[in-house]
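One structure is given here, and the rest of the page talks about it.
Throughout, protein chains are lettered first and strands after them, A, B, ... in sequence-line order, and every chain is numbered starting at 1.
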Amino acid sequence: MAKITYIQAILAAIREEMRRDPTTFVMGEDLSIWGTADGLPEEFGRERVRNTPISEAGFIGAAAGAAVAGSRPIVDVTISSFVYPAMDQVVSIIAKSRYLYGGQAKLPLVLRLGLYYGLGVAAQHSDRPYPMFMGVPGLKIITPSNPYDMKGLLKSAIRDDDPVMCFEDTNLWSQRGEVPDDDYVIPLGKANICREGTDVTIVAISGMVRHAIDAADALAKDGVSAEVIDPRSLVPFDRETLLDSIKKTGRLVVVDVAHRSCSVASEISAIVAEEAFWDLRAPIIRVTTPDTHIPHSPAIEHMLYPDKTKIMAAVRQTLS
Amino acid sequence: MAKITYIQAILAAIREEMRRDPTTFVMGEDLSIWGTADGLPEEFGRERVRNTPISEAGFIGAAAGAAVAGSRPIVDVTISSFVYPAMDQVVSIIAKSRYLYGGQAKLPLVLRLGLYYGLGVAAQHSDRPYPMFMGVPGLKIITPSNPYDMKGLLKSAIRDDDPVMCFEDTNLWSQRGEVPDDDYVIPLGKANICREGTDVTIVAISGMVRHAIDAADALAKDGVSAEVIDPRSLVPFDRETLLDSIKKTGRLVVVDVAHRSCSVASEISAIVAEEAFWDLRAPIIRVTTPDTHIPHSPAIEHMLYPDKTKIMAAVRQTLS
Amino acid sequence: MNSNSIAMEMYRRMNLIRRFEEMAEQLHAKGKIVGSLHSSIGQEGEIVGACLALRADDYMMGNHRSHGHPIAKGAKLGPLMAELMGRKTGVCGGKGGSMHLADFSVGSIGETSIVGSGMPVAAGAALAAKLQGLDRVSLCFFGDGASNEGTFHESMNLAAVWKLPVIFLCENNLYAAATPMLAVTSVQDIAVRANGYDMPGQVVDGQDVLAVYDCVTAAVARARAGEGPSLIEAKTYRYRDHAVNMGELGKVDLGGRSDEEVAHWKARDPIKLLRNVLVNELGVAEQDIEAIEQAAIQEVEDAHQFAVDSPLPSTDDAFTDVFIGTI
Amino acid sequence: MNSNSIAMEMYRRMNLIRRFEEMAEQLHAKGKIVGSLHSSIGQEGEIVGACLALRADDYMMGNHRSHGHPIAKGAKLGPLMAELMGRKTGVCGGKGGSMHLADFSVGSIGETSIVGSGMPVAAGAALAAKLQGLDRVSLCFFGDGASNEGTFHESMNLAAVWKLPVIFLCENNLYAAATPMLAVTSVQDIAVRANGYDMPGQVVDGQDVLAVYDCVTAAVARARAGEGPSLIEAKTYRYRDHAVNMGELGKVDLGGRSDEEVAHWKARDPIKLLRNVLVNELGVAEQDIEAIEQAAIQEVEDAHQFAVDSPLPSTDDAFTDVFIGTI
Ligand SMILES: Cc1ncc(C[n+]2csc(CCOP(=O)(O)OP(=O)(O)O)c2C)c(N)n1
Ligand SMILES: Cc1ncc(C[n+]2csc(CCOP(=O)(O)OP(=O)(O)O)c2C)c(N)n1
Ligand SMILES: [Mg+2]
Ligand SMILES: [Mg+2]
């Protein structure tokens, strides 16, 4: 057991799985830049660690084809905003092939996509696009919120025989946590109850989980007992843990750094308004990024994202 | 006033606006096929009615550039599934340019996209992708549900100085309705109350509106008074009409032919669960297409979509 | 196989395709097949010539106009016809339909109806073969219209820099739906574009199945030897409309297809051309040829019967194959 | 302008860019500029040579590495520096930042940080000029790395078939981030790809501002005369890392950039080369040259001061410009 960073957890997961399964391989642009491929070319060779041209549709589509033909690609899309040029390959090919061919095709591939917001890089680089993929059947989606989950979920994703999108919050890159050196996996579709509580349920996604925990800690001092749930995977989604919690608390705040409209926060709210309405004792509050673009200027960027203060205010609103 | 089809309403809107404003022009693949460009090359010439190569990113991006440089493109994307190869141009360029350049750019363009489901053409051609664009700030979205609305909304869209996506339900193509011959526009952001009622609010999008009206008519015979609302534009969204209706009825069913997760139905549900919770007297029911792909076989395709029977069942559920 | 028996096999498969397509058209006209239908009639020469240059374990990707391609690759006809008719016994369980045939058992690994989208996939299958140390190759069919999609460019470059064992076969039938190729394409020959990737590019007469076979065979040999990808442009013609229900010969946007043009191409029908070769050059007996022709009719009729006798998918089937298990 | 005064103007703009970029680097190091920063130092020759071949009302699109480009097109420095520093007075109100400069008042109509995404946009601006009967042209900068994006292909073909007045200028600085061009690109010269679109393609020495100017001037004349687009590949070099904070000269994936390579290119510094021409061939007095150099330093200092003195955007500003009005 060692304290390693979120980035190191990614690398550890990839390295271990590449050792375990010779059909895995890595590809992406400028793999050497980010630290998630350090040592891989040396250990596995350039055939299995491939630097691509800047051709997202080309190499993401090639990943689909390689997967269909029996390999297991792990694709570094780097910043999630760069998935749009390959959108058709993701939606029309990766998500749909198995179904179109009546189950003949298997697409065991992983797309890794960084959520690169909060860095002053403006609207074209700061996307958090996972909600749009949640509306496309056939794609599994994980959103690891700490190094331990990262390693365990990513290893599961690499072993999964279906395509998995792994959204990585780059604001957590240098976050450290205890991560076992040995092999472990976290199953997709099992939420994590980060903190138990009885007054209100806070569901938070990805980098928002730590803010939710901070808020819950602060609220505890005021005598408010908040339960914090990290779904860990959006598809499959652990409905049971969510609904059980609402049964107990009767109140829900959902924290999602995506834009508000058609966000995962909206989806979770809709699930609860449909399936747990009679348990609810207050409006469901979404704490999201508003429906504006992300500006470059640091003076006005950070205020747009959910944070501890906004979460606390939302919780108070459900209690009033 | 004449009874014309949905397709003819599209053509009428385009023709009238092209006559009105010489900076407008039309482009797309195989314009002659669909009936929405009949007579246009003859009247306006091939410069203003341009047949494109199969290069969606190329010509949709070119529309953005042309708009920035003072023209007003009306782009026929034909089937909405073909927007994915151009996703980056829509999300990174069209939606974001004005913001990125601090208001210097104006992008008066219209993308027309057909919802081509229910036709046995399988998963790659049957998308209903408007929810993913609702989560991208900077794009206005209209979903006309009948010939009258089509002409009025599309004319508004063409005159609008912001980019507008017009999603056209191809299941309505041959539907006829009274449409004034002369100039009229329907403002974006104003919902249509198709039918007044007091017991339950049914919000329905695009081609689902007629099913909602049919359901409401049938329910009326059983003494249930359903109000049917067609938002007509998703962005901007008429929150006021929705919330006023909920205040009156206390019950909500949302009908959306998109896949369930992160759908517009989910968004509308979340808005109401957040802002009108205390008016609600029952769970909010979403009637959507489930999160599976659209199969080719007609034997199993149609049952996936919302219809009158499912809407009636949902309404009954809110009343029980 | 000696060249005689290869030619006979070509003739057999071309006949199967022609008859299969004719049956499909009839069934569509009767409402027994639903959805769009893009006939490959007229293109059998390039389809069969290319596919017969492959081994059974090589990969093949088609597009929206690829009923003939799995047949050329060796697929059984019954499950293909059942697929068009939306049956549970269809090769894709009735979920893919006309534009998405695939028969993995013969290396037919997919057909995609989003123009140009199959090219990266085919390159990826070639990459997998390379990584796995197999000497399989990947054959990718795409249209003249598809050659203007960005995926064409990205796939060609990727395949070239990685020396992937892939053959990109452009079925240039002169039109993309209602649009003549030259109205939207900046070169006369799409094969020229190979230069931009330092890749061999070659034009071949798509109506001459033997020429296509030779040309693809050479490219396959190159690919198998690790020498990288090739671009081959087969000049061909579709006799029918772009798709059913779109007016006689398609409603061509810039002036229609002339009667002369159609007549010119029909005079060079690939099946007739090969028949002539069989009779006049290879000395095959008329009755042997007729036996093939009759057998094709029967095989298609049997396929039809198989489909008709097959059950439709059930409600549950709509929900499987989204993921491997249910989630 | 006679050629002497054009050369002096080139020298002035190249100096402005170099000094502007140096100032930006310093400010980034001090934390006064936040976000990524891609320096165009070393590439001033092709930037200025190309932009000076345009009229003020012509359009110009840049990319993520385009601080220099609006300067070359004639933009005021203050609002550019204020933009980098996230000020309300920034040319984009502080919303775009380093990778998205635009000054519509001088025809700088955008810079996009999604590689390759500006090419269709530039083609579209050219289309608008054509439709409006204006004789404006559109100049599009893009990198060697961008030449492998699908948008390159689609834009080239579209521009060619529609004979759009656009000049595609590839700034081939031999690397795309950490990746050497030849490791991922299937041709030695990107200009070769022009053949695939029946378009003129030309390689030019990007360090020779005069050569670039001549070459682009010819392409602009062609475009204005309605003869269609051109592809020009300027061979150039960036002295700095791909972006700040990425290690000395970038952490190049396949072995780093050699000292020899760097030295080779620095010996052909575009500013030095032009200075030599001014002194030795055009007989410009040393003091006139120094005056330009000094003025550039001062102008950049003033721009910095302007930015420093400017207010930050307010909360409300984050919500404007999503749409034209508020909705
Ligand atoms: C991305 C995309 N754009 C548009 C279409 C609609 N479409 C289907 S087939 C076709 C023409 C294709 O032409 P070509 O590639 O030459 O193949 P052909 O049909 O001639 O065999 C078009 C435009 C599509 N399916 N996918
Ligand atoms: C679509 C997309 N993919 C990847 C990136 C990340 N990225 C930014 S710049 C760059 C390299 C660009 O190389 P080149 O086009 O040669 O321009 P240069 O930086 O050398 O000027 C990359 C890969 C991006 N911004 N957009
Ligand atoms: Mg064609
Ligand atoms: Mg470069």
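Contact count versus chain A (heavy atoms, under 4.5 Å) is highest, among B:S263, B:A258, B:A282, for B:A282. By number of non-hydrogen pairs under 4.5 angstrom with chain A, the leading residue of B:Q89, B:R260, B:K96, B:M132 is B:K96. Taking A:P290, A:G102, A:P85, A:G138 one by one and counting their heavy-atom pairs under 4.5 Å with chain B, the maximum is reached by A:P85. Counting heavy-atom pairs closer than 4.5 Å to chain A, the top residue among B:P129, B:S269, B:S261, B:P131 is B:S261. Considering only heavy-atom pairs separated by less than 4.5 Å from chain A, the leading option among B:H296, B:M134, B:E56, B:E275 is B:M134. Taking chain A as the reference chain and counting heavy-atom pairs below 4.5 Å, the highest number among B:G135, B:A123, B:A86 is found for B:A123.
Each of A:R98, A:K140, A:K106 was checked for a side chain to side chain donor-acceptor pair (under 3.5 Å) with A:D162, and the lone residue meeting it is A:K140. A:R128 pairs with exactly one of A:L113, A:I205, A:D169, A:V257 by the side chain to side chain contact (heavy atoms under 4.5 Å, CB included) rule, that one being A:V257.
Two rings, from A:F82 and A:H125, have their centers less than 6.0 Å apart.
For B:L234, no part lies near chain A; criterion is any non-hydrogen pair under 4.5 Å. Contacts between B:L280 and chain A at a heavy-atom distance below 4.5 Å involve backbone atoms as well as side-chain atoms. Using a 4.5 Å cut-off between heavy atoms, B:A57 does not touch chain A at all. The contact between B:I284 and chain A is made by backbone and side chain atoms together, counting heavy-atom distances below 4.5 Å. In this structure, the portions of A:P295 lying under 4.5 Å from any heavy atom of chain B include both its backbone and its side chain. Only the side chain of A:L100 comes within contact range of chain B, with at least one heavy atom under 4.5 Å from a heavy atom of that chain.
A side-chain donor from one of B:D256 and B:Y130 sits under 3.5 Å from a side-chain acceptor of the other.
Taking each heavy atom of B:L243 and B:A276 in turn, the nearest pair found is CD2-CB, 3.9 Å.
Separation of atoms NE2 (A:H302) and CG (A:L119) is listed at 7.5 Å; rounding is to 0.5 Å.
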Give the C-alpha distance, both sets of side-chain angles, the deciding distance and a yes or no for salt bridge (charged side-chain N to carboxylate O under 4.0 Å, His left out) between B:E267 and A:R286. CA-CA 11 Å; B:E267 177 60 27; A:R286 291 172 291 167; 3.1 Å; yes
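The aromatic rings of B:H293 and B:H259 sit perpendicular, their planes meeting at an angle over 60°, well past the 30° parallel limit.
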